[in-house]
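To start, the structure itself, in structure tokens.
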Amino acid sequence: MDGTTLSLLTDTPSRQFLAASDDAPLLLEEIQFTVLEGPCISAAHSGEPMAVNDLREELTPWPLSGATMREKLPQVAPVYAPPFSSATTSWERSTCWRFVPTL
């Protein structure tokens with residue numbers, strides 16, 4: 001893992017950004033919450049982990065965020081978003097990702 005973010009997400013439309021390991025994961029986070037879709041949002045809403053093996057080559061279920069992430073973060077390959085939740089609500093989520101060197 002080369003980077004991660006952590007946010008507080010409740011059943012309301014608002015979210016609270018908590019931390020990012022550096023600028024690239026922060027941009028990944030901003031993309032998802034600007035277009036209102038992405039692995040983190042899906043993980044929080046479904047309660048299931050979301051994974052993309054290679055963001056650079058795979059089509060994702062998130063057409064806006066997937067395309068924007070590929071364009072703005074070409075060095076990011078796998079993305080994993082595990083949900084963290086209580087028994088009744090999804091309250092935290094994190095995104096983990098890995099850099100792939102470009103040749």
Side-chain angles (χ1 to χ4, degrees):
M1 176 175 61
D2 291 321
T4 191
T5 63
L6 184 63
S7 292
L8 181 63
L9 191 67
T10 64
D11 292 333
T12 69
S14 60
R15 65 143 177 135
Q16 177 62 49
F17 171 74
L18 300 174
S21 58
D22 59 52
D23 289 341
L26 179 59
L27 179 57
L28 189 144
E29 182 86 355
E30 289 171 351
I31 290 167
Q32 293 181 90
F33 284 95
T34 298
V35 300
L36 301 176
E37 66 172 29
C40 302
I41 294 171
S42 292
H45 288 291
S46 71
E48 298 292 325
M50 298 290 144
V52 177
N53 291 324
D54 193 337
L55 187 62
R56 300 163 305 152
E57 297 179 11
E58 279 184 49
L59 290 177
T60 71
W62 317 284
L64 294 173
S65 64
T68 306
M69 286 182 221
R70 277 190 294 280
E71 176 187 332
K72 296 188 182 256
L73 296 163
Q75 73 276 27
V76 173
V79 175
Y80 179 66
F84 300 100
S85 61
S86 67
T88 58
T89 187
S90 187
W91 56 274
E92 254 186 323
R93 54 130 214 93
S94 171
T95 305
C96 305
W97 57 274
R98 186 174 68 84
F99 273 131
V100 172
T102 55
L103 301 175

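One-based numbering along the sequence shown. These numbers were taken from a predicted model, which means no experiment stands behind them.
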Residues in side chain to side chain contact (heavy atoms under 4.5 Å, CB included) contact with Thr60, at least two apart in sequence or another chain | Val52, Leu55, Trp62, Arg70

Leu64: partners by side chain to side chain contact (heavy atoms under 4.5 Å, CB included), with sequence neighbours left out | Val35, Glu37

Which residues satisfy the side chain to side chain contact (heavy atoms under 4.5 Å, CB included) test with Thr34, sequence neighbours excluded?
-> none

pair Thr4-Pro25: side-chain heavy atoms closer than 4.5 Å = no

Rounded to the nearest 0.5 Å, the CZ atom of Phe33 sits from the CG atom of Leu28 at a distance of 10.5 Å

Shortest non-hydrogen pair, Pro82 vs Ala43, comes out as C-CB, 4.5 Å

For the residue pair Ser21 and Gly3, what are the closest heavy atoms and their distance?
-> OG-CA, 3.2 Å

Leu27 vs Leu73, side-chain contact (heavy atoms from CB on, under 4.5 Å): CA-CA, chis, key distance, verdict = CA-CA 8 Å; Leu27 179 57; Leu73 296 163; 3.8 Å; yes

Is a side-chain donor or acceptor of Glu29 paired with a backbone partner of Phe17 at a separation under 3.5 angstrom?
-> no

With side chains defined as the heavy atoms from C-beta onward, is the minimum distance between Gln32 and Ser7 less than 4.5 Å?
-> no

Given side chains that start at C-beta, do those of Pro74 and Arg56 come closer than 4.5 Å, heavy atoms only?
-> no

Point-to-point distance, once rounded to the nearest 0.5 Å, from OG1 of Thr5 to CG of Asp22 | 10.5 Å

